[in-house]
Peer 1: 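Encoded as C-alpha cells, here's the structure I'll be asking about.
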Amino acid sequence: MAVRPILIIPDARLRAIAEPVEEINDEITTLVKDMFDTMYAAPGIGLAAPQVGVLKRVVVIDLAKEDESPDPIVMINPEVIEFGDETVVTEEGCLSIPDLYYEVERPADIKVRYMDQDGKVVERKASDRLAICMQHEIDHLDGVLYIDYLSRLKRDRVIKKFDKAAKRATAN
Ligand code: K1U
Ligand code: ZN
C-alpha cells in the first residue's frame, strides 16, 4: 500500500496540462494502484494523477459507498466526446482544495472515451454523480479546478485563503 501526498493549491502542478500515456507499463500500473490507495485513504471518490504530482492523463474513480462493494474505474487518456444539453447544479469538493464545498453547474449527461487498465478502449455514457465526477477529474488533467466555475469573488476568496496558508507554511 502506497499512499502518496496530495498536492494542495497553489501548487503549480495542479495548473499544468498532463501528457497522454503512450504505453501501459509497470510505472503506470504502480501509479494506478497508488492512486487508488491515496483516494481511498483520503477519502475521496476520484483522483487525477496531477493531484499526486504526476503529469500524466490518468484518473481513478470509485463512487461506491462504505457499505457497498468497491466499484473502481480507471480512465487512461480520457476524453468527453459528447455533452448532453441539460445541466445540473451539484455540490463539489476537491482533495486539492480541502474542507470546502461549492455548488457547480455542469452538463448532466456525457459520453466518454478512455483506455482501461488493460489498454482496451472503452466508450460509455455517464449521468448523475458519475458524470460530474468524471468531468471534475478530466478537468484536472487540463489544469482546470472546479473553483474556476465559481464567481470571480468566490474563486478569488478561495485562492487567497490557500495562498496565505502556503506563505505561512514556507515562512515556518
Ligand atoms: O478530484 C478530487 O479532488 C476528488 C473529489 C472528487 C469529486 C467530489 C465531488 C464532486 C466531484 C468530484 C473528492 O472526492 S472530494 C471528497 C468527496 O467528495 C467525498 C469523500 C468521501 C465520501 C464521499 C465523498
Ligand atoms: Zn479535485
Side-chain angles (χ1 to χ4, degrees), residues 1-19 21 31-80 83-84 86-112 114 117 124-151 154-159 161-163 165-166:
M1 165 135 175
V3 174
R4 301 194 190 188
I6 296 177
L7 305 183
I8 305 296
I9 60 165
D11 193 301
R13 288 168 286 181
L14 292 166
R15 290 305 194 174
I17 296 186
E19 293 289 334
V21 170
L31 172 65
V32 166
K33 204 170 159 304
D34 291 357
M35 284 173 65
F36 274 119
D37 290 344
T38 306
M39 182 191 76
Y40 290 130
I45 56 172
L47 194 70
Q51 292 181 277
V52 291
V54 178
L55 297 181
K56 299 250 167 74
R57 301 186 81 81
V58 179
V59 161
V60 298
I61 290 176
D62 192 337
L63 297 186
K65 305 208 171 70
E66 259 180 47
D67 57 344
E68 296 172 347
S69 34
D71 185 18
I73 299 172
V74 178
M75 303 170 79
I76 296 170
N77 300 338
E79 320 164 59
V80 181
F83 289 98
E86 283 180 27
T87 61
V88 276
V89 175
T90 52
E91 199 168 71
E92 296 192 22
C94 182
L95 297 173
S96 296
I97 313 173
D99 303 325
L100 292 180
Y101 291 86
Y102 286 100
E103 289 193 330
V104 173
E105 184 173 11
R106 294 189 189 264
D109 306 285
I110 56 170
K111 188 171 178 186
V112 286
Y114 59 90
Q117 210 176 341
R124 68 186 278 185
K125 289 183 176 170
S127 52
D128 303 317
R129 246 157 57 102
L130 181 57
I132 301 306
C133 191
M134 283 177 168
Q135 290 175 75
H136 179 115
E137 301 307 335
I138 293 171
D139 272 353
H140 270 300
L141 305 179
D142 293 317
V144 175
L145 301 172
Y146 84 98
I147 54 169
D148 299 339
Y149 300 112
L150 304 179
S151 68
K154 279 187 191 163
R155 178 178 174 272
D156 287 353
R157 219 184 273 155
V158 172
I159 289 171
K161 175 183 148 105
F162 283 89
D163 278 352

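First listed ligand is number 1; within each ligand, the first listed atom is number 1.
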Peer 1: Heavy-atom distances under 4.0 Å decide this one: backbone, side chain, both or neither, for Q51 against ligand 1?
Peer 2: side chain
Peer 1: Which residues and atoms, counting only protein N, O or S, are under 2.8 Å from the Zn ion (ligand 2)?
Peer 2: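 Only C94 SG, H136 NE2, H140 NE2 fall inside 2.8 Å of the Zn ion (ligand 2).
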Peer 1: Taking the side chain from R57 and the backbone from L141, do they hold a donor-acceptor pair closer than 3.5 Å?
Peer 2: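 Yes; judged by distance alone, with no hydrogens or angles, the pair exists.
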Peer 1: Between the side chains of D62 and Y40, does any donor sit under 3.5 Å from an acceptor?
Peer 2: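 There is such a pair (donor and acceptor under 3.5 Å, judged by atom type) between the side chains of D62 and Y40.
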Peer 1: Enumerate the atoms of ligand 1 whose separation from the nearest heavy atom of G46 is less than 4.0 angstrom.
Peer 2: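 Per the distance check, 1 (O), 2 (C), 4 (C), 14 (O).
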Peer 1: Taking T87 for its side chain and P107 for its backbone only, find out whether a donor-acceptor pair lies under 3.5 Å.
Peer 2: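 The answer is no, because no donor-acceptor pair under 3.5 Å joins these two groups.
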Peer 1: Can you tell me which residue and heavy atom of the protein come closest to atom 3 (O) of ligand 1, and the distance to 0.1 Å?
Peer 2: L95 N, 2.8 Å
Peer 1: Purely on distance, is any nitrogen or oxygen of C133 under 3.5 Å from one on ligand 1?
Peer 2: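 Between C133 and ligand 1, no N or O pair is found under 3.5 Å apart.
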Peer 1: Heavy-atom contact under 4.0 Å between P43 and ligand 1?
Peer 2: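 It does; at least one heavy atom falls under 4.0 Å.
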Peer 1: With heavy atoms under 4.0 Å as the rule, classify the contact between M39 and ligand 1 as side chain, backbone, both or neither.
Peer 2: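 No part of M39 comes within reach of ligand 1.
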Peer 1: Hey, which atoms in ligand 1 end up nearer than 4.0 Å to a heavy atom of E137?
Peer 2: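 Those of ligand 1 that fall under 4.0 Å from E137 are 1 (O), 2 (C), 4 (C), 6 (C).
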Peer 1: Would the distance check show the side chain of Q135 and the main-chain N or O of A131 forming a donor-acceptor pair, the cut-off being under 3.5 Å?
Peer 2: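 Yes, because the side chain of Q135 sits within donor-acceptor range (under 3.5 Å) of the backbone of A131.
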Peer 1: Which is closest to atom 10 (C) of ligand 1 in terms of heavy atoms, E92, R129, H140, M134?
Peer 2: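 The residue whose heavy atom sits nearest atom 10 (C) of ligand 1 is E92.
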Peer 1: For atom 11 (C) of ligand 1, what is the closest protein heavy atom, and at what distance to 0.1 Å?
Peer 2: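 Nearest neighbour among protein heavy atoms for atom 11 (C) of ligand 1, to 0.1 Å: H136 ND1, 3.7 Å.
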Peer 1: For D99, I'd like to know if atom CG has over 12 heavy atoms of other residues, nucleotides or ligands within 6.0 Å.
Peer 2: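 No, CG of D99 has 12 or fewer neighbouring heavy atoms, counting only those of other groups under 6.0 Å.
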Peer 1: Just wondering, more than 12 heavy atoms not from D128 lying within 6.0 Å of its CG?
Peer 2: no
Peer 1: Going by an N to O cut-off under 4.0 Å, is there a salt bridge joining R155 and D148?
Peer 2: yes
Peer 1: Is any side-chain heavy atom of R124 closer than 4.5 Å to a side-chain heavy atom of I73?
Peer 2: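 Heavy-atom side-chain distance check passes, below 4.5 Å.
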Peer 1: Can you tell me the protein heavy atom closest to atom 19 (C) of ligand 1 and the distance?
Peer 2: I45 CG2, 4.2 Å
Peer 1: Contact between K56 and P50 at the side-chain level, heavy atoms closer than 4.5 Å - yes or no?
Peer 2: no
Peer 1: With atom 5 (C) of ligand 1 as the reference point, say which of A131, G44, G93 has the nearest heavy atom.
Peer 2: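 Ranked by closest heavy atom to atom 5 (C) of ligand 1, first place is G93.
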Peer 1: Identify, with sequence neighbours excluded, every residue that meets side chain to side chain contact (heavy atoms under 4.5 Å, CB included) alongside E92.
Peer 2: T90, V104, R106, I132, H136, Y146
Peer 1: Which residue and non-hydrogen atom of the protein lie closest to atom 17 (C) of ligand 1, and at what distance in Å?
Peer 2: Y101 OH, 4.2 Å
Peer 1: In plain terms, say whether D11 and R13 are close enough for a salt bridge, that is, a side-chain N and a carboxylate O under 4.0 Å apart.
Peer 2: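 Looking at R13 together with D11, the answer is yes, because their closest N to O distance falls below 4.0 Å.
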Peer 1: Assess whether atom CD of E86 is packed by more than 12 heavy atoms of other residues, nucleotides or ligands within 6.0 Å.
Peer 2: no
